[in-house]
Every structure is written in C-alpha cells, then in structure tokens.
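Written below as structure tokens is the structure these notes are about.
Below, chains carry the letters A, B, ... as their sequence lines are ordered, and counting in each starts from 1. Atom set for the values below is all heavy atoms of this structure, side chains included, hydrogens, waters and symmetry mates excluded.
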Protein chains: 2
Amino acid sequence: MPSPLEKARQAPDSMKGRILSAARKLYGEYGFHGVTARMIATEVGIDVSTLYYHWGDKQDLYEAVLTDLNEEIRQKLAEIEKIVRGKPIDVRLAVAIDVMCDHLFQNPETSNLMLFSFFSKTRTQSDLDTRMTEHLANIAVAMGLALDKSHVPPQANARVLAVWNSIINFASGENYFRPMLHLDRAAYLAVVKETLKFILIPAFTQAGPDAQGQERSGQGPAVSSI
Amino acid sequence: MPSPLEKARQAPDSMKGRILSAARKLYGEYGFHGVTARMIATEVGIDVSTLYYHWGDKQDLYEAVLTDLNEEIRQKLAEIEKIVRGKPIDVRLAVAIDVMCDHLFQNPETSNLMLFSFFSKTRTQSDLDTRMTEHLANIAVAMGLALDKSHVPPQANARVLAVWNSIINFASGENYFRPMLHLDRAAYLAVVKETLKFILIPAFTQAGPDAQGQERSGQGPAVSSI
DNA sequence: AATGTTCTCCAACAAATGTTGGAAACATAA
DNA sequence: TTATGTTTCCAACATTTGTTGGAGAACATT
C-alpha cells in the first residue's frame, strides 16, 4: 500500500483526485468563501455527501488544495533551476519568465490560489506559508542575492518577491487585463513575457553581473549582507 | 440639496458614510463573498436592516465601495502628477513610489480591493473596470509611453500595469510578506520602497530618457508604435 | 401639541449552505 | 450463495445568510 504520508498529488483518476482538482479549479476562480461544497460536487458530477466521505470538511479540502499547489510549484522551480544552472542572470530571468508564464497560463488557477493566499485573511495559518518562505530562499540563493539559504537578508527576499509577484499577476489578471489590452490569448502571453523581461532584467544586470545588490542613485540604504 | 450625482464620497460621519467605510474595510479584508451583511452591520454597531434601509442590497453596497475606491485613486494620481510634472522619469517613478506606498500603507484595504477586482471572478461587470482603463492611459501618457490618451499601445499599458501591480502587491501582501521578512512596519515600508525603486527605475532609464520602449537584448518583438 | 417624515430596530421568512445518518449499490472474498 | 467492507446517493438537519414588513423612536415642521 502507498505511504500514508503522501497526502498531496492524488492519482488524478481516483475519485479523491477528481474532487481535488475540481476544488482547486473552483477555489482558484472564486476564493475559499466563494465556493460551496455543492459547487464542487456538481463540477465532479457527484453528490455532495460523497465529497464529505472523501475529504472531511471544506477547510480540509482547501488545505489539501494548497498542499497540492505547493508541490506543483516546487517541482516547477526545480525544473527551471535545472535548465538555467550556471547561466548568467539575464538568461536565468528570461528563461524563468518564459517557463513560468507558459506554465501559469496553462494552469490559471495556480496563480489565483497563490494570490488568494497572499491577500485574503485566513483564519487558520496554512501550510503554504512556510513552504513559500523556502521557495523564496531557494530563488534568492539561485539568483545570487544570498549566499546561504538560511541567511537571506530581507532586501533579497523582497526582490525575489517583486519578481515573483510580477509574473503571477499577469497570469492571474488575464481575465481582467486582456480585455483592457484588446489582445487574444497568444498576443497577451507574448506581450506579458516581453513586458516582464523589460521590467525585470535591467534591475539585475545594470550594475554588472557581479554587482547585484549594489545600490544605485542613492535611493535608500544599500543591501549590506550580500 | 446636494447633487444627486455625487454618489461616491459620502460624508464620513453620516450613517451612510459610516456603513460605506465599514463595508470597504471588510470587503477589503475578506472579499465580496467573505463578508456578510450582518458583519458590516455589527462593525458599524447597527442592525442589519438599517444597512438595507440605506444601501439596497449587498451588491449595490459593493459597487458603491468600488466607486468610492476609484475616486480615491483618481485623486491620488492627480496629486502625484502635480508634484512630478516635467521631472525626468527616474524622479517621477521615485516620487510616485514613495507617495503611493505611503498612501496605500495607510489605507490597506485600497490595494486589497483592487486585487480582488482584478483576480476574482465577478458576475457583474463593475464600474471600476472602465475607470481603471482611464487611469492606465493617463499614466502611460504621463510616463511618456504613449503620446495620446486614446491611442495607447498594449505594450505601454502592460508596462504601466507591471509598475502598478508591483506597488499594490507589497501593500496588499503586508500581512503575508512582512512576517516572512521579520520586519516591523516601518522597516517593511522602507524595504518595499527601496525594492520597488531597484526593480522599476532601471527598466525605464537604462536606455536613456528618450529611448523608452526601445528593445534591448533581443527578447521578443520591439514595441512598435511608441 | 399635532402631524408628517426619517430613521432604527425586532422579528421573521425563504433560500442557501455545511454537514450527517442511513439505505442502496457495488465489489470482493469465503 | 452469503458475508463483509467500500463507495455512492437520497433525504434531512441545523445554521447561516440575504432580505423584508411592520412597529416604534427620533426628529422636524407646522
């Protein structure tokens, strides 16, 4: 029998897995409070009590969705890191932007769920929180903003967050932004990638590849411990 | 009697105004579906039916909140534009970041409400949508990314969106990000401002003040019609 | 004081929602 | 076949939620 510890990543054809992915889709669209147990059951095509049979209460299911989400992100980041290891920072950023955009545009609920976690009040502290800290630390080290995963200065984390958020914003906001730009999906995706590279790459390359974190133009204190 | 058209910006001490600001705070924290009419009434300290007496149904009240929000943003942008008119782009950005951050950190629900509008599915098309397009066009022209408010290329709008979103993300995400960075409010605000300047200014200054929109490093197609 | 208007609350209703008990359907093994 | 365990659904429950009617208080105007 499978390890009882692998709670995440249900077999997608099992009933439990089908419920999980329907819940994920709906929670991503409407947020926790915007989704009812019956909505999820209808999406799967089952009775609502079957849902309770497999996944305790609504909160448990939501946490399971977040755990699943976290695992997906971890995998994607590892995949990117494998591609860009050792490359210069501008290439790293360009590849990360391309790969993450492609992925997030194919899984629109992913970025939505992250944003809901970031910006809505939740009563219970979620699992995603601590995992997110890990992801950020890994990226910071990979980008050369910190030397040690366990000692990442706040400035470095903040820069990683800025990059991260920029990317997921455009993915999450497609329904809102794309009509404003009058673009079809493909054109929107292309413009987003181009814009992200335009915004993000100069910040990390301007001072030269070995001077990341150096302060320029005298705005605010310099990042010290890098 | 006051003009019936000034629906937004209620007198803050009137009952209608008190309800509006309580609703605004709560909708900003929990989103539309996360807030009940009774929560708003309790926050104000009145009975729920009094709320209905003043503001039709829950949806009407939410739309009123968005209209109010929009007016506040318009005012703030106008105020910024007055300060920075004619200044070079790096100064414009630095001032805009400082002023907007100060404002958003004092009114945390503002950025939350915008993000909810951007990223959650809403059944009814809101007023904020069209206003947001106007704001973006104004900023694009002010930043020199477009010559004419009515002809802003999608690339220019996308760049403005990237700047805009970066700012409101840090404000909205304070509850989530600040514990991750282990900073108090003041330090967080300082790091955010520094980070935003680090990320945003180089993109618009690197190629020189008269070359905004020029493509660099060969990523993607150039912005043509600027 | 009398009267009309505005405001506020109490109580209630219908619908929606989270949740559960139990019976049927299904599978599996003896 | 029977016996046993698993899965699914039907029906119902208690609570929450959006919403309204009506009675009284507060207030203004005569």
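Separating the CD1 atom of Ile40(B) from the C1' atom of dG18(D) is a distance of 12 Å, rounded to the nearest angstrom. When rounded to the nearest whole Å, the span between CG of Leu51(B) and P of dT17(D) equals 14 Å.
A salt bridge does not link Glu79(B) to Arg74(B): none of the charged side-chain nitrogens sits closer than 4.0 Å to a carboxylate oxygen.
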Show each protein N/O and nucleotides 21-28 of chain D N/O combination with a separation under 3.5 Å, one pair to a line.
none

Scan nucleotides 12-15 of chain D against the protein and return all N/O pairs shorter than 3.5 Å with their distances rounded to 0.1 Å.
{"from": "dA12(D)", "atom 1": "N6", "to": "Arg38(A)", "atom 2": "NH2", "distance (Å)": "3.4"}

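Under the rule for a side chain to side chain donor-acceptor pair (under 3.5 Å), the partners of Glu81(A) that lie at least two apart in sequence or sit in another chain are Arg92(A). Residues satisfying the side-chain contact (heavy atoms from CB on, under 4.5 Å) test with Lys58(A), not counting sequence neighbours, are Tyr27(A), Phe32(A). Here Ser14(A) pairs with Gln10(A), Ala11(A), Lys16(A) under the side-chain contact (heavy atoms from CB on, under 4.5 Å) rule; sequence neighbours left out. When the side chain to side chain donor-acceptor pair (under 3.5 Å) test is applied to Asn107(B), no partner is found at least two apart in sequence or on another chain. Residues satisfying the ring pair (Phe, Tyr, Trp, His ring centres under 6.0 Å) criterion with Tyr176(B), sequence neighbours excluded, are Phe118(A). Applying the side-chain contact (heavy atoms from CB on, under 4.5 Å) test to Asp98(A) and every residue at least two apart in sequence or in another chain returns Lys193(A), Lys197(A). Applying the side-chain contact (heavy atoms from CB on, under 4.5 Å) criterion to Ser166(A), with sequence neighbours excluded, gives Leu196(A), Leu200(A), Ser166(B).
Counting 5' to 3', DNA chain C first comes under 4.0 angstrom of a heavy atom of chain B and last does so at the ends given by dT6(C) to dA12(C).
Under the side-chain hydrogen bond (donor to acceptor under 3.5 Å, both in side chains) criterion, the residue pairs touching residues 136-150 of chain B are Asn138(B)-Lys149(B), Asp148(B)-Ser150(B), Asp148(B)-His151(B), with sequence neighbours excluded.
Taking side-chain N and O atoms only, His33(B) has no distance below 4.0 Å to OP1 or OP2 of dT17(D).
Note: Met39(A) CE to Lys25(A) NZ = 9.5 Å, rounded to the nearest 0.5 Å.
Within the 4.0 angstrom heavy-atom criterion, no nucleotide atom of any strand lies near Val44(B).
Taking for each of Lys58(B) and Met15(A) the nucleotide of DNA chain D with the nearest heavy atom, the 5'-most of the two is the partner of Met15(A). Residue order along DNA chain D, read from the 5' end via each residue's closest nucleotide, puts Thr50(A) first among Thr50(A) and Val35(B).
Helix-axis bend for the helix from dA1(C)-dT30(D) to dA30(C)-dT1(D): the local axis fitted to the five terminal pairs at one end deviates from that at the other end by 0°, rounded to 10°.
The aromatic ring centres of Phe198(A) and Phe204(B) sit less than 6.0 Å apart.
Formation of a donor-acceptor pair under 3.5 Å by the Ser120(A) side chain with backbone atoms of Phe116(A) is found in this model. Listed for the Arg178(B) side chain is a donor-acceptor partner under 3.5 Å among the backbone atoms of Leu183(B).
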